[in-house]
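Below is one structure; the comments refer to it alone.
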Number of protein chains: 2
Amino acid sequence: MAQKDTARSILDAAEELFSERGFAETSLRNITTKADVNLAAVNYHFGSKKSLIQAVFARFLTPFVAELDKALNTCDAEQGEQPADLMSLLRLLSDTALRSGADRPERLRIFMRLLGLAYSQGQGHVRRFLRVEYGHVFRRYSDLLTRATPELSDEDRFWRVHFMLGATMFTLNGVDSLTAMAEHDFGKPTTTPDVIDQLLPFLASGLKSPAGN
Amino acid sequence: MAQKDTARSILDAAEELFSERGFAETSLRNITTKADVNLAAVNYHFGSKKSLIQAVFARFLTPFVAELDKALNTCDAEQGEQPADLMSLLRLLSDTALRSGADRPERLRIFMRLLGLAYSQGQGHVRRFLRVEYGHVFRRYSDLLTRATPELSDEDRFWRVHFMLGATMFTLNGVDSLTAMAEHDFGKPTTTPDVIDQLLPFLASGLKSPAGN
DNA sequence: AAGTGTTTTAAACGTATGTTTGAAACACTT
DNA sequence: AAGTGTTTCAAACATACGTTTAAAACACTT
């Protein structure tokens, strides 16, 4: 019980602080102070700062990937031979992601910030960790995407999928600043699901855009 | 002469190291070692690490923004009342960016990585610096974008422009890894201009995508 | 060649970091 | 209640950082 509480407090504090200030800019002292635990607790429970970072990712990603895997199973079972269409696939992913942080709605935003940081900051160990640990599910999803866009060459699809990834990462990364700007400029409040509703058609149009010119 | 050489060496080394490892992860000792100058030279020539970071941005951005401003002038003069179309505007921006690092072609990639880092890492002072120093030109470009997409509501355009920004940033940010992957998977080599040729139609399609669903 | 302002150098300063330590506090079985 | 394994704690450790200093080296005018 005590173990669980301390480790959880550390993960909570680390998740929030990392997402706000980045990994290198967040010290273990920042984390343990916010979590109200002793400094040494991090190294006791997680071994090192690196392992703590990976644990933060694992806590979000493990249930998410499990849910995504399940969703892909039922998707496969339902459809038989006929492949799922693009928009449904995108919805499947975003719904799973949104549901995965169900306890607190800002969880997805926080996690996306972490993911963006991990990729743009040095943290190569995070990339390696993610690929080794969760790669197979993302490959599965990628195969479905391929079947949903048979008209594209592999090369075109490769690039466009990365364009989509970029738009998504960047947007959800800064979704709090962006929604604040949008609310300031246009009055009406915007939630993360609202933003995703705007994003998905953009992504689908881009992916299906006529090749060449 | 000696002054110029040392300061330039520092900027060169800093630019490269920052783009590879991030700002916080790059120490002044890393930089001065690579530049083969004394540690104190950074504080002597630039005052502080923060100012050095800003100087790295300024060295790329000042000529770029000047060229963009010029390009926008001739663009305005040519067209009179009739607004430039979307694809031309995108081309104008990418051409200016590509030409701006003409001395070395990988310069744009490096700079894009820096920009991405500055936004996803804490570096709020960089954001402030960029807005104060170069904001007006970007506002000018943004106005042209608005006139090129009169069918969009301000709100839709706001979001989609940010989607475009994200796709662009992410792509050019990691363009070296991506081109390496593409070359490995598809054989033929891909240059940054090639990637941009793929990217622009994607962006245009996304921005013009039918609203709603 | 002397003098003057600029640039470089080696060394040190103060501070902050991640990690380790050994004892104290705790929980839980016997 | 004693004993045992786990968890917490304050303190210290070693290291790395950005920055400052004061003297040396340099460039350039007079």
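All values reported here derive from a predicted model rather than from experimental measurement. Hydrogens, waters and symmetry mates are skipped; everything else that's a heavy atom, side chains included, is used. Residue numbers start from 1 in every chain, and the chains themselves are labelled A, B, ... in the order their sequence lines are given, proteins ahead of strands.
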- Message: So which atom in A:Thr26 and which in A:Arg21 form the shortest heavy-atom distance, rounded to 0.1 Å?
- Response: OG1-CB, 3.8 Å

- Let me know the distance between CG of B:Asp5 and C1' of D:dA25, rounded to the nearest Å. 17 Å

- Item | For atom CZ of B:Arg21 and atom C1' of D:dC17, their distance in whole Å | 14 Å

- Do A:Thr146 and A:Asp143 have a side chain donor and acceptor closer than 3.5 Å? no

- Query: Could you give the CD1-to-P distance, from A:Ile10 to D:dT7, as a whole number of Å?
  - Reply: 12 Å

- Message: Without decimals, in angstroms, what is the distance between A:Phe46 CZ and D:dT7 C1'?
- Response: 14 Å

- Query: Taking all non-hydrogen atoms of both residues, which atom of A:Ser19 and which atom of A:Arg113 are closest, and how far apart?
  - Reply: O-NE, 2.5 Å

- Item | B:His45 NE2 to D:dT20 P, straight-line distance once rounded to whole Å | 15 Å

- Item | Exercise: do B:Ser9 and B:Asp12 side chains pair donor with acceptor under 3.5 Å | no

- Message: Using 30° and 60° as the class boundaries, would you call the ring planes of B:Phe111 and B:Phe60 parallel, tilted or perpendicular?
- Response: parallel

- Do you know which two heavy atoms are closest between B:Phe202 and A:Leu207, and how far apart they sit? CE1-N, 3.6 Å

- Query: Ring centres of A:Phe186 and B:Phe158 under 6.0 Å apart?
  - Reply: yes

- Task: Give the dot-bracket string for DNA chain D, reading 5' to 3', where a pair is Watson-Crick or G-U wobble with both distances under 3.5 Å, ( ) marks pairs inside the strand, [ ] marks pairs crossing earlier ones, | marks a partner on another strand, and . marks unpaired.
- Result: ||||||||||||||||||||||||||||||

- Query: Once you round it to whole Å, what is the distance between C1' of D:dT8 and CG of A:Asp36?
  - Reply: 12 Å

- Item | Residue pair B:Thr179 / A:Trp159, side-chain heavy-atom distance below 4.5 Å | yes

- B:Thr6 side chain N/O closer than 4.0 Å to the phosphate oxygens (OP1, OP2) of C:dT7? no

Mind listing the N/O atom pairs, protein and nucleotides 18-21 of chain C, below 3.5 Å?
| unit_1 | atom_1 | unit_2 | atom_2 | d |
| --- | --- | --- | --- | --- |
| C:dG18 | OP1 | A:Lys49 | NZ | 2.7 |
| C:dG18 | OP2 | A:Leu28 | N | 2.8 |
| C:dG18 | N7 | A:Arg29 | NH1 | 2.9 |
| C:dG18 | O6 | A:Arg29 | NH2 | 2.9 |
| C:dT19 | OP2 | A:Asn43 | OD1 | 3.2 |
| C:dT19 | OP2 | A:Lys49 | N | 2.9 |
| C:dT19 | O5' | A:Asn43 | OD1 | 3.4 |

